[in-house]
Q: 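Sharing a structure below in structure tokens format, with a few things to ask.
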Amino acid sequence: MITKPIPYGHQHITDEDVLAVVEALKSDYMTQGPCIGEFEKTFAEYLGCKYACMVSNGTAALHLCAMALDIKPGDKIITTPITFVASANGFRYQGAEVVFCDIEPKTFLMDLNKLEQILKASPKGTYKAVVPVDFAGYPIDEEKLRKLADEYGFAIVVDACHAPGGSFIDSKGEKQMIGNCKYADLTVFSFHPVKHIATGEGGAVTTNRKDLYDKVALFRTHGITKDPALLKKNDGGWYYEMQELGYNYRITEMQAALGISQLKRLDWSIERRNEIAKKYDEAFKGTAVKTPFRAEGLVHAFHLYIIQVDPAKRKGLYDFLRANNVYSQVLYIPAHTMPYYKQFGWKEGDMPVAEDYYTKCLALPMFPTLTDEEQDWIIAKVKEFMA
Ligand SMILES: *Cc1c(COP(=O)(O)O)cnc(C)c1O
């Protein structure tokens, strides 16, 4: 019998995490100190990319990517409707026109064949960026995207907020960590409490391109530089220049210390999440509950475990689970149907696969500290309702 609500996602904070934060608090720096640099270094090493820039949250990371790519009002970008709205909003902040590309029904990720059709229908260079999302933790085919990017001339910004620790095997048989930016220009992560690494608020941009990294780092802190190599003149040790209109998108030392500590458990988290996924898979075999697909060879990061049920039963199941302390979630309401995006002409019917997905999807609790007892309860309650 479970008497305390089980959320769909939950952070995991250990005593070691707490000690790391306390140590940062007692140090000389609360912001702009050594923890941020260390978090950037260890995260970049973990992923296998050249640069990581830690920022205040994942949304800021997306906005900084748009700024680094010099997205201007009226520039067009393409993203998926099945995502948190921030994937699109980060580019709207720069005045970009957001074009949605429908999803592929098996993985729920942006349909790259449909993307190609959109790209083909306009002159090359029409779209400045494509922003796929590794939705639920499933890696997008970055290699295929690279081919399209080279042909049609857009930048790839992968929203990997769901997928740190995930990976895929490319056509050469090489394992590619999500965020290593072998094929992408930029990758974005979030450290919100429901995500794999939880720092309260926090985010990261990763890249191998020094030009983009320099811009992200500059825009993160007011567009101000003290780098002697970049200054137009130099009046002395105190001197700095504001060269661009940037923001304060910095992360704190306490958050960075927490991030460093949590990164050590990321592999464990991915393993445990996959174990939980396997148990759900097995439990729902042969039932009316459709479990998530995954291709061979990739490591799904399982931010979310999403089942699909008969649309006529979905709300009933959600309510029944809630009454039984299982707080499942519907993720996501297609972004193009949001009142804000409708003002640009988007409407129901524009993205049939995404809209169909929305009527059936339900994310069951998925986080590494979910206990066997809790998972057994969730499975039993889903089965009880569906029977
Ligand atoms: C969480 C999330 C974001 C935004 O991250 P914040 O850190 O909450 O700003 C962006 N995109 C996706 C897909 C997310 O899940």
Side-chain angles (χ1 to χ4, degrees), residues 11-65 67-68 161 164 179 187-207 210 212-269:
Q11 73 272 21
H12 175 225
I13 304 291
T14 63
D15 290 348
E16 201 184 339
D17 290 347
V18 173
L19 278 176
V21 173
V22 169
E23 206 178 300
L25 262 175
K26 288 180 173 170
S27 78
D28 290 332
Y29 296 91
M30 294 184 81
T31 187
Q32 292 175 288
C35 290
I36 296 168
E38 193 190 327
F39 189 22
E40 291 176 338
K41 187 168 163 277
T42 51
F43 195 59
E45 273 169 14
Y46 176 86
L47 300 178
C49 63
K50 277 198 187 132
Y51 308 102
C53 196
M54 293 300 164
V55 299
S56 48
N57 56 67
T59 308
L62 284 152
H63 185 199
L64 286 165
C65 289
M67 293 183 83
C161 289
T187 306
V188 166
F189 296 95
S190 163
F191 307 129
H192 180 277
V194 295
K195 310 288 164 69
H196 296 68
I197 296 173
T199 64
E201 299 283 356
V205 177
T206 66
T207 185
K210 181 155 193 314
L212 294 177
Y213 169 74
D214 286 345
K215 284 185 180 155
V216 168
L218 189 69
F219 290 128
R220 168 179 62 172
T221 182
H222 307 285
I224 286 175
T225 184
K226 283 195 85 170
D227 182 349
L230 299 175
L231 296 174
K232 312 275 183 221
K233 61 169 191 158
N234 196 342
D235 293 344
W238 66 86
Y239 191 70
Y240 63 81
E241 278 173 359
M242 181 193 142
Q243 297 184 333
E244 301 277 357
L245 182 61
Y247 292 79
N248 179 351
Y249 277 164
R250 293 188 302 257
I251 193 169
T252 66
E253 285 287 291
M254 294 77 78
Q255 290 167 317
L258 188 51
I260 295 164
S261 186
Q262 298 229 334
L263 179 56
K264 294 176 192 160
R265 293 199 306 281
L266 182 53
D267 283 339
W268 164 79
S269 172

Q: In the structure I gave you, are the side-chain heavy atoms of Val194 and Gln11 within less than 4.5 Å of one another anywhere?
A: no
Q: In Å, rounded to the nearest 0.5 Å, how long is the span from CG of Leu212 to OG1 of Thr206?
A: 11.0 Å
Q: Locate the shortest heavy-atom distance separating Lys264 from Glu16; write the atom from each residue and the value.
A: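 Heavy atoms only, the tightest pair is NZ-OE2, 3.8 Å.
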Q: Can you name the closest pair of heavy atoms from Ala52 and Tyr213 and give their distance?
A: O-CE1, 4.0 Å
Q: Using a 4.5 Å cut-off on heavy atoms from C-beta on, say whether the side chain of His222 contacts that of Arg250.
A: yes
Q: Distance from Leu230 atom CG to Asp214 atom CG, nearest 0.5 Å?
A: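 Atom-to-atom, Leu230:CG and Asp214:CG are 7.0 Å apart.
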Q: Any donor-acceptor pair under 3.5 Å linking the side chain of Arg220 with the backbone of Met54?
A: yes
Q: Any heavy-atom pair between the side chains of Val188 and Cys161 that's under 4.5 Å?
A: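 Yes, close enough: below the 4.5 Å cut-off.
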Q: Would you say Tyr240 has more than 12 foreign heavy atoms packed within less than 6.0 Å of its OH?
A: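 Incorrect, the count does not exceed 12.
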Q: Going by the angle between their ring planes, with limits at 30° and 60°, are Tyr247 and His63 parallel, tilted or perpendicular?
A: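 Plane angle over 60°, so perpendicular.
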Q: How far does CG of Asn234 sit from CG of Asp227, to the nearest 0.5 angstrom?
A: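 Answer for the CG-CG pair, Asn234 versus Asp227, is 10.5 Å.
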Q: Measure across Trp238 and Asp235 and return the closest heavy-atom pair with its distance rounded to 0.1 Å.
A: CH2-O, 2.9 Å
Q: Does Ile197 reach the side chain of Phe189, with side-chain heavy atoms less than 4.5 Å apart?
A: no
Q: How far apart are the C-alpha atoms of Asp267 and Tyr46, what are their side-chain angles, what is the distance that settles it, and do they pass the side chain to side chain contact (heavy atoms under 4.5 Å, CB included) test?
A: CA-CA 10 Å; Asp267 283 339; Tyr46 176 86; 2.6 Å; yes
Q: Quick check for you: to the nearest 0.5 Å, what is the distance between Phe219 atom CZ and Ile224 atom CD1?
A: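 CD1 of Ile224 is found 13.0 Å from CZ of Phe219.
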Q: Check the surroundings of atom CD in Glu23: do more than 12 heavy atoms from other residues, nucleotides or ligands lie under 6.0 Å from it?
A: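 No.
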Q: I'd like to know if the side chain of Thr42 and the backbone of Phe39 have a donor-acceptor N/O pair within less than 3.5 Å.
A: yes
Q: May I ask you to test the Thr207-Val216 pair for a side-chain heavy-atom distance under 4.5 Å?
A: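 Side-chain contact under 4.5 Å: no.
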Q: For Phe191 and Gly203, work out which heavy atoms get closest and say how close.
A: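 The pair with the smallest heavy-atom distance is CD1-N, 3.5 Å.
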Q: Is there side-chain contact between Val205 and Tyr249, with heavy atoms separated by less than 4.5 Å?
A: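 No, every pair of side-chain atoms sits at 4.5 Å or beyond.
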Q: Using every non-hydrogen atom in the two residues, find where Gly179 and Cys49 come nearest and quote the distance to one decimal.
A: O-CB, 3.6 Å
Q: Measuring from atom OG1 of Thr221 to atom NZ of Lys226, what distance do you get when rounded to the nearest 0.5 angstrom?
A: 11.5 Å
Q: More than 12 heavy atoms of other residues, nucleotides or ligands under 6.0 Å from CE of Met242: yes or no?
A: yes
Q: Anything under 3.5 Å between a donor and an acceptor, one on a side chain of residues 251-263, the other on a protein residue two or more places apart or in another chain? List them.
A:
residue: Thr252; atom: OG1; partner: Gln255; partner atom: N; Å: 3.2
residue: Thr252; atom: OG1; partner: Gln255; partner atom: OE1; Å: 3.0
residue: Glu253; atom: OE1; partner: Cys35; partner atom: N; Å: 2.9
residue: Glu253; atom: OE2; partner: Gly33; partner atom: N; Å: 2.9
residue: Glu253; atom: OE2; partner: Cys35; partner atom: N; Å: 3.4
residue: Glu253; atom: OE2; partner: Ile36; partner atom: N; Å: 3.2
residue: Gln255; atom: OE1; partner: Thr252; partner atom: N; Å: 2.9
residue: Gln255; atom: NE2; partner: Glu201; partner atom: O; Å: 2.9
residue: Ser261; atom: OG; partner: Asp17; partner atom: OD1; Å: 2.5
residue: Gln262; atom: OE1; partner: Ala198; partner atom: N; Å: 2.6
residue: Gln262; atom: NE2; partner: His12; partner atom: O; Å: 3.1
residue: Gln262; atom: NE2; partner: Asp17; partner atom: OD2; Å: 3.2

